[in-house]
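To find a chain, count down the sequence lines: A is the first, B the second, and so on, and within it residues start at 1. Reckoned from all heavy atoms, side chains included, excluding hydrogens, waters and symmetry mates.
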Protein chains: 2
Amino acid sequence: MRDHDGSGHDADGRGYDKYAFEPFAVTVDLAVLTLRAGALHVLLVERGQEPYAGRWALPGGFLLPEESAEEAARRELAEETGLADVTGLHLEQLRTYSEPGRDPRMRVVSVAFAALVPDPHPDSVRGDPRPAPLEPHGGGDAAQARWTPYDAARGLAFDHDRIVADARTRVGAKLEYTCLATAFCPPEFTLGELQQVYETVWGTALDRPNFRRKVLAAPGFVEPVPGAARLTSGRGKPAAVYRAGPATALHPPLLRSPREGRPA
Amino acid sequence: MRDHDGSGHDADGRGYDKYAFEPFAVTVDLAVLTLRAGALHVLLVERGQEPYAGRWALPGGFLLPEESAEEAARRELAEETGLADVTGLHLEQLRTYSEPGRDPRMRVVSVAFAALVPDPHPDSVRGDPRPAPLEPHGGGDAAQARWTPYDAARGLAFDHDRIVADARTRVGAKLEYTCLATAFCPPEFTLGELQQVYETVWGTALDRPNFRRKVLAAPGFVEPVPGAARLTSGRGKPAAVYRAGPATALHPPLLRSPREGRPA
DNA sequence: GCAAAAGTGTTGCGAGTACACCCATGA
DNA sequence: TCATGGGTGTACTCGCAACACTTTTGC
C-alpha cells in the first residue's frame with residue numbers, strides 16, 4: 001500500500017522515492033466557451049514553439065507554487081480574455097488528463113476546466129452599443145488568440161481535441177439539471193436569449209411557450225428585473241428582462257427530450 | 001499567456017522555470033465504496049506515519065513514471081482490496097484537489113477516484129456460500145484497512161472528508177441517469193438487490209412494482225439470465241436473475257422524486 | 001397593414017405513482 | 001397456513017408537448 005507519507009519509499013518497500021523521478025509538471029488547460037452568432041465558440045491560441053508549433057491549442061499554463069488549480073485557471077482566464085472581472089464567471093473542473101505520452105517532452109498532468117463567458121461580440125444591434133466585454137489577446141506574446149466555432153476546432157495540439165469535446169458534453173449535460181445556462185448570458189437577459197443558449201448548445205429547437213413556463217416554474221433560476229424591457233432583434237414586442245437567480249441546481253430539470261420541438 | 005512550451009519561462013516573460021520549483025507530487029486517492037448490510041461503506045486505511053499518524057485515510061499513492069492516474073488508481077485498488085480481477089470494476093474520476101496546504105509537507109496534487117465494488121461479505125445465507133470476493137488487507141505494511149460505514153467515516157486525514165462526501169454525491173447523482181448501480185452488484189443479481197442499491201444510496205424507499213417496470217423499460221440496463229432464479233433472503237419466491245446490460249446511459253432516467261415511495 | 005418577436009390559454013396524451021392482487025417458497 | 005419476498009395488473013393524476021391565439025413593436 002502506497003501512501004501519503006514522506007518517508008521516501010512506499011509502504012510495501014519497493015523503494016519508491018518521489019524525488020528520484022523526473023518531476024511531474026502540473027498545468028491547467030482551459031476550454032473557454034461562448035455563444036456567438038448562434039454558434040458555440042472556443043477560445044484558441046496559436047502555439048509559437050515546438051511541439052505543435054503553429055498549431056492551435058487551448059490556453060493554459062503551469063500552476064504557481066502557491067495557487068490551486070482553480071486559482072491558476074482563473075488567472076489564466078483573466079490573462080487570456082483581458083477581462084477585468086473574471087470573479088463572476090463560471091469555472092467548471094472537467095477532469096484531469098495524465099496519460100504519460102500526452103506531452104512528448106515530459107510528464108505533464110493537466111487539470112482541465114471549462115469556462116463559460118457571455119458573447120464577447122453582442123450583435124451590436126441598434127440601441128445596444130455596449131463595449132465588447134472581452135476581447136482575446138495573445139498576452140505580450142506573438143502568439144494570437146482567436147474565437148473559433150466549435151465545429152472548426154479540430155486538429156488541436158496535444159489531446160486538446162478531446163478536452164474540447166469533453167467540455168461540450170459536460171456543458172450540454174449540465175444545462176439540463178443546473179442553472180448553468182445563465183453563465184453564457186450577460187448580467188441581464190431575456191428569455192429568448194436564454195432559450196437560444198439551450199438551442200445552440202443542444203442543437204435542437206425548443207417550443208417557446210413551454211420553455212418559458214419551465215424556466216419560470218423553476219424556483220430561483222431567473223428573477224425579473226422590474227420594469228425593464230428590451231428589444232432583442234429590432235423587431236417585435238420588447239421582451240421582459242431577467243437576472244440569474246440564486247439557485248444553482250434546477251428543479252425540475254429541463255430535459256432535452258428526444259422528440260421535443262422541431263429540428264433546428 | 002503561459003503555455004505548454006519547454007522554453008523554461010512563460011510566454012509573457014516572467015521568468016517561470018518549472019525546474020526551479022519544489023516538484024509537485026501527483027497522487028491518486030480512492031474512495032472505494034460498497035454496500036454492506038444495507039449501508040454504504042468506505043474502505044479506509046490507518047496511517048502509520050506523520051502527519052495524521054493513527055488517523056484513518058483513503059487509500060492512495062503516487063503515480064509511477066509510466067502510468068496514468070487511471071492506471072495508478074486501478075493498481076492501488078487491486079493492492080488494497082486484494083482482488084485478482086479489478087478490470088471490470090467501475091472507476092470514476094471525481095476531481096482533482098490541488099489546494100496548496102492540503103498536505104503540510106509539500107505540494108501534493110491528488111486526482112480522486114470513486115471505485116464501486118460489490119459487497120465483499122454477501123449475506124452468506126443458505127445456499128450461497130460464495131467465497132468473499134474481496135477482503136481488505138494492509139498490503140505488506142502494518143497499517144490496517146477496514147470497511148467503515150459512510151456515516152462513521154469522519155475526521156479523516158488530509159481533505160479526505162471532502163473527497164468521501166464528493167464521492168457519495170457523485171454516485172448518488174449518477175445512479176439517476178446512468179447504469180452505474182449494477183457496479184455495486186455481483187455479476188448476477190436480482191431486481192430486489194438492484195433496488196436495494198438505489199434505496200441505500202439515496203436513503204429513500206422505492207415502490208417495487210414501479211422500480212421493476214422502470215428498470216426493465218430502460219433498454220440495455222439489465223438483461224435476464226435465462227432460466228436462472230435465486231432466493232435472496234431465504235424466504236419468499238425465488239427471484240429472476242439478471243446481468244448488467246450493454247448500456248451505460250439510462251434512458252429514461254430513474255429520477256429520485258421528492259415524493260416517490262415512503263420514507264425509508 | 002404586415003412581419004416579427006413576446007407572451008397567454010387550452011387541450012389531449014402519456015408517463016408514472018399508488019395500490020390491489022396473485023405466486024412461490026421456507027418454516 | 002402464515003410470513004415473506006417476487007411479480008402482474010390497473011386506475012387516477014399530473015406534467016407537459018402541441019398548437020391556437022393575443023399583444024406590441026419596426027418598417
Student: Starting at atom CG of A/Leu231, determine the distance to atom C1' of C/dA5, rounded to an integer number of angstrom.
Tutor: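 Taking CG of A/Leu231 and C1' of C/dA5, I get 9 Å after rounding.
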Student: What verdict does the side-chain contact (heavy atoms from CB on, under 4.5 Å) test give for A/Asp29 and A/His160, after you've listed the backbone C-alpha separation in whole Å, the side-chain angles of each residue and the deciding distance to 0.1 Å?
Tutor: CA-CA 8 Å; A/Asp29 283 316; A/His160 292 184; 3.5 Å; yes
Student: To the nearest Å, give me how far apart CG (B/Leu191) and C1' (D/dG5) are.
Tutor: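 Checked: the CG to C1' distance equals 13 Å.
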Student: According to a strict under-4.0 Å criterion, is A/Arg235 in side-chain N/O contact with OP1 or OP2 of D/dC27?
Tutor: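 For D/dC27, OP1/OP2 do not have a side-chain N/O of A/Arg235 under 4.0 Å.
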Student: From CZ of A/Arg212 over to C1' of D/dC21, roughly how many Å is that when rounded to an integer?
Tutor: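 Distance, rounded to whole Å: 15 Å.
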Student: A/Arg168 side chain to A/Val201 main-chain N or O, any donor-acceptor pair under 3.5 Å?
Tutor: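 Checking the backbone N and O of A/Val201 against the side chain of A/Arg168, a donor-acceptor pair under 3.5 Å is found.
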Student: Taking donor-acceptor contacts at under 3.5 Å, does the side chain of B/Arg213 reach the base of D/dG9?
Tutor: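 In this structure, the two groups form a donor-acceptor pair.
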Student: Does A/Arg95 make a cation-pi contact with A/Tyr97, if we ask for NZ or CZ under 6.0 Å from the ring centre and within 45° of the axis?
Tutor: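 Yes.
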Student: Roughly, in whole Å, what's the span from CG in B/Leu255 to P in D/dC14?
Tutor: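 Result: 18 Å.
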Student: Report the distance from atom CG of B/Leu216 to atom C1' of D/dG6, rounded to the nearest whole Å.
Tutor: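 About 12 Å, once rounded to whole Å.
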Student: Starting at atom CG of A/Leu206, determine the distance to atom C1' of C/dG7, rounded to an integer number of angstrom.
Tutor: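 Value for this atom pair: 17 Å.
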Student: Choosing from C/dA18, D/dT24, D/dT8, which nucleotide comes nearest the side chain of A/Pro238?
Tutor: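 Selected nucleotide: D/dT24.
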Student: Take B/Asp166 and B/Val164 through the test side-chain contact (heavy atoms from CB on, under 4.5 Å) and record every step on the way to the result.
Tutor: CA-CA 5 Å; B/Asp166 288 349; B/Val164 170; over 6 Å; no
Student: For B/Leu250 versus B/Tyr198, what's the shortest heavy-atom pair and its separation?
Tutor: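 Between these two residues, the closest heavy atoms are CD2-OH, 4.0 Å.
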Student: Ignoring backbone atoms, test whether A/Lys237 places a side-chain nitrogen or oxygen under 4.0 Å from the OP1 or OP2 oxygen of D/dT22.
Tutor: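 False: A/Lys237 side-chain N/O out of range (4.0 Å or more) of D/dT22 OP1/OP2.
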Student: Has the side chain of B/Arg208 got a donor or acceptor atom sitting under 3.5 Å from an opposite partner on the base of D/dG5?
Tutor: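 Donor-acceptor pair under 3.5 Å: no.
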Student: Separation of B/Asp207 atom CG from C/dC19 atom C1', in whole Å?
Tutor: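 Computing the B/Asp207:CG to C/dC19:C1' distance gives 8 Å.
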Student: Rounded to the nearest Å, what distance is computed from the OH atom of residue B/Tyr242 to the C1' atom of nucleotide D/dG6?
Tutor: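 Distance, rounded to whole Å: 10 Å.
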Student: With heavy atoms under 4.0 Å as the rule, sort A/Pro209 into base, sugar-phosphate or nothing.
Tutor: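 Here A/Pro209 touches the bases of the nucleic acid.
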Student: What contact category does A/Ala240 fall into here, base, sugar-phosphate, or nothing, at under 4.0 angstrom with non-hydrogen atoms?
Tutor: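 If one applies the 4.0 Å heavy-atom cut-off, A/Ala240 turns out to touch the sugar-phosphate alone, with no base involved.
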Student: Taking only the side-chain nitrogens and oxygens of A/Lys214, find out if one of them lies under 4.0 Å from OP1 or OP2 of D/dA17.
Tutor: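 The answer is yes; a side-chain N or O of A/Lys214 sits under 4.0 Å from OP1 or OP2.
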